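Values in this document were obtained by computation on a predicted structure and should not be read as measured data. Order of the sequence lines fixes the chain letters, A, B, ..., with proteins taken first and strands second; residue numbering starts at 1 for each chain.
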Amino acid sequence: MKIATWNVNSIKARMHAVTAWLETANPDVACLQEIKTVDDSFPRLEIEALGYNIVTHGQKSYNGVAVLSKLPFEDVNPRLPGDESDEQARYLEVVVSAKTGPVRIASIYLPNGNPVREDPLKSPKYTYKLDWMARLKTHAEALLKNEEPLILAGDYNVIPRSVDTHDPKGWWGDALFRQETLDAFHALKYIGLTEMFEQFDNRGGEFTFWDYQGGAWQNNLGIRIDHLLLSPQAADRAKGIEIHKHVREGQKPSDHVPVVGEFDL
DNA sequence: ATGCCCGCGATACGCGGA
């Protein structure tokens, strides 16, 4: 079973790239981020025609997440618990029934967090990011008690290590790569989650995002910020991970590329 | 120099992204 994550940077602007990728990569489940549209405007028909069930948690103009699945959805839960006032659409959790039993999958669009001011804790966007990461940790701890395969897949907006950017000195201090962010990401992993790229590959210099500006793609100036975090029951059945870098070469590409995990589920 | 590119949209000398 292939479970993928991809920040598409607008589903409407990306439909040609998305359908072409679905047809060739043929994932069983695809978690999408930054669909940038409301649920009613999501282009369902073209994707359903490729054999996918669709759930969305959309928002006008910004954010928005979706899950596409060849298997039917047994359960759907939009929103990350812990802050009823949070109106940003960044989390969508589903359960599908694989041949080995239920598999819980979440599409995650973790806040960017920039700008970070001189006092990080007085930076509204950065404190929102840190709060969101703490909420994700609390929720993931509760989900781990289910002792089932759990895959938290998405755009984490976290550069885990210096080797996951072309320019660690340049990035250091940014909301994606600074001590408080790394501490929160480590705390999330430390509850018992496995970062899938670390499990199977762990090379430096493998990126999932290249900025549109300044010839970043042409010069391979990228960062690795799209991740799959796995419960022990998912990690035990994990087979391998691929970054679909070639997708960045296409017409009107997203600035992110898909990351695809293979599981014996 | 926070600009360069991209998508959205009360189409803005705007905003957010990373």
Side-chain angles (χ1 to χ4, degrees), chain A residues 5-19 31-43 56-66 86-91 107-118 120 123-133 153-182 184-185 197 205-227 243 245 247-259:
Chain A
T5 180
W6 189 12
N7 179 324
V8 295
N9 186 17
S10 169
I11 188 63
K12 290 182 200 168
R14 214 63 61 213
M15 270 307 275
H16 282 92
V18 169
T19 54
C31 299
L32 307 183
Q33 299 88 36
E34 279 207 273
I35 61 173
K36 291 190 172 180
T37 188
V38 294
D39 296 334
D40 287 347
S41 300
F42 190 93
T56 61
H57 181 210
Q59 180 181 337
K60 190 177 179 183
S61 308
Y62 305 115
N63 311 318
V65 285
D86 184 1
E87 300 196 344
Q88 300 189 30
R90 296 178 173 276
Y91 186 88
S107 181
I108 286 170
Y109 180 41
L110 207 146
N112 174 306
N114 281 309
V116 185
R117 295 183 190 158
E118 197 168 338
S123 314
K125 291 194 176 179
Y126 192 55
T127 54
Y128 174 66
K129 176 178 195 156
L130 294 178
D131 290 346
W132 207 96
M133 293 181 84
D155 175 2
Y156 279 75
N157 273 315
V158 173
I159 300 169
R161 308 167 300 172
S162 295
V163 292
D164 297 314
T165 162
H166 67 282
D167 181 15
K169 285 180 182 169
W171 275 98
W172 187 252
D174 188 277
L176 280 64
F177 190 50
R178 56 183 295 116
Q179 198 58 53
E180 301 91 333
T181 302
L182 298 186
F185 189 64
F197 185 85
E206 297 296 310
F207 307 133
T208 64
F209 168 91
W210 296 260
D211 201 296
Y212 288 121
Q213 302 180 65
W217 165 247
Q218 290 73 11
N219 296 298
N220 195 29
L221 308 179
I223 53 180
R224 188 172 71 86
I225 55 174
D226 299 274
H227 310 300
I243 298 171
K245 187 174 180 179
V247 172
R248 191 65 172 77
E249 295 166 351
Q251 290 291 317
K252 287 213 359 156
S254 171
D255 39 9
H256 297 248
V257 297
V259 182

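- Partner T208(A) forms a side-chain contact (heavy atoms from CB on, under 4.5 Å) with one of I223(A), D164(A), I225(A), N7(A) and no other, that one being I225(A).
- Side-chain contact check for N9(A) and K36(A): at least one donor-acceptor pair (N or O, by modelled atom type) lies under 3.5 Å.
- Residue K60(A) places at least one side-chain N or O under 4.0 Å from the OP1 or OP2 atom of dA10(B).
- In this structure, I225(A) places its CD1 atom 6 Å from C1' of dA18(B), rounding to the nearest Å.
- Put simply, OH on Y156(A) is 15 Å from P on dA18(B), counting in whole angstrom units.
- Nearest heavy atom pair, residue F177(A) against residue P168(A), reads CE2-O, 3.6 Å.
- Whole-Å rounding puts the I35(A) CD1 to dG7(B) C1' distance at 14 Å.
- W210(A) and N220(A) form a side-chain donor-acceptor contact under 3.5 Å, judged by distance and modelled atom types alone.
- Between the P atom of dC6(B) and the CD atom of Q251(A) lies a distance of 12 Å, rounded to the nearest Å.
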Distances under 3.5 Å between protein N/O atoms and the N/O atoms of nucleotides 14-17 of chain B, please, pair by pair.
none

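- At whole-Å resolution of the value, CG in L110(A) and P in dA18(B) are 10 Å apart.
- Across all strands shown, dG16(B) forms a Watson-Crick or G-U wobble pair, both distances under 3.5 Å, with dC6(B).
- For the C1' atom pair drawn from dG9(B) and dG17(B), the interatomic distance equals 16 Å after rounding to whole Å.
- Heavy-atom distances to DNA chain B give each of I223(A) and P253(A) a nearest nucleotide, and the one nearer the 5′ end belongs to P253(A).
- Side-chain nitrogen and oxygen atoms of R14(A) include none within less than 4.0 Å of the OP1 or OP2 phosphate oxygen of dC6(B).
- Rounded to whole Å, the separation between the P atoms of dT2(B) and dG7(B) comes to 24 Å.
- The separation of dG16(B) from dA10(B), taken at their P atoms, amounts to 13 Å, rounded to a whole angstrom.
- Between the P atoms of dA18(B) and dC13(B), the separation comes to 24 Å (whole Å).
- Atom CG of N219(A) has more than 12 neighbouring heavy atoms from other residues, nucleotides or ligands inside a 6.0 Å radius.
- Between the NZ atom of K252(A) and the C1' atom of dC5(B) there is a distance of 12 Å, given to the nearest Å.
- Here the closest non-hydrogen pair linking D155(A) and T5(A) is N-OG1, 4.4 Å.
- Between the P atom of dG9(B) and the CD atom of Q59(A) lies a distance of 11 Å, rounded to the nearest Å.
- Within a 6.0 Å radius of CD in E87(A), other residues, nucleotides and ligands contribute 12 heavy atoms or fewer.
- Distance check on atom P: dA1(B) versus dC6(B) gives 26 Å, rounded to whole Å.
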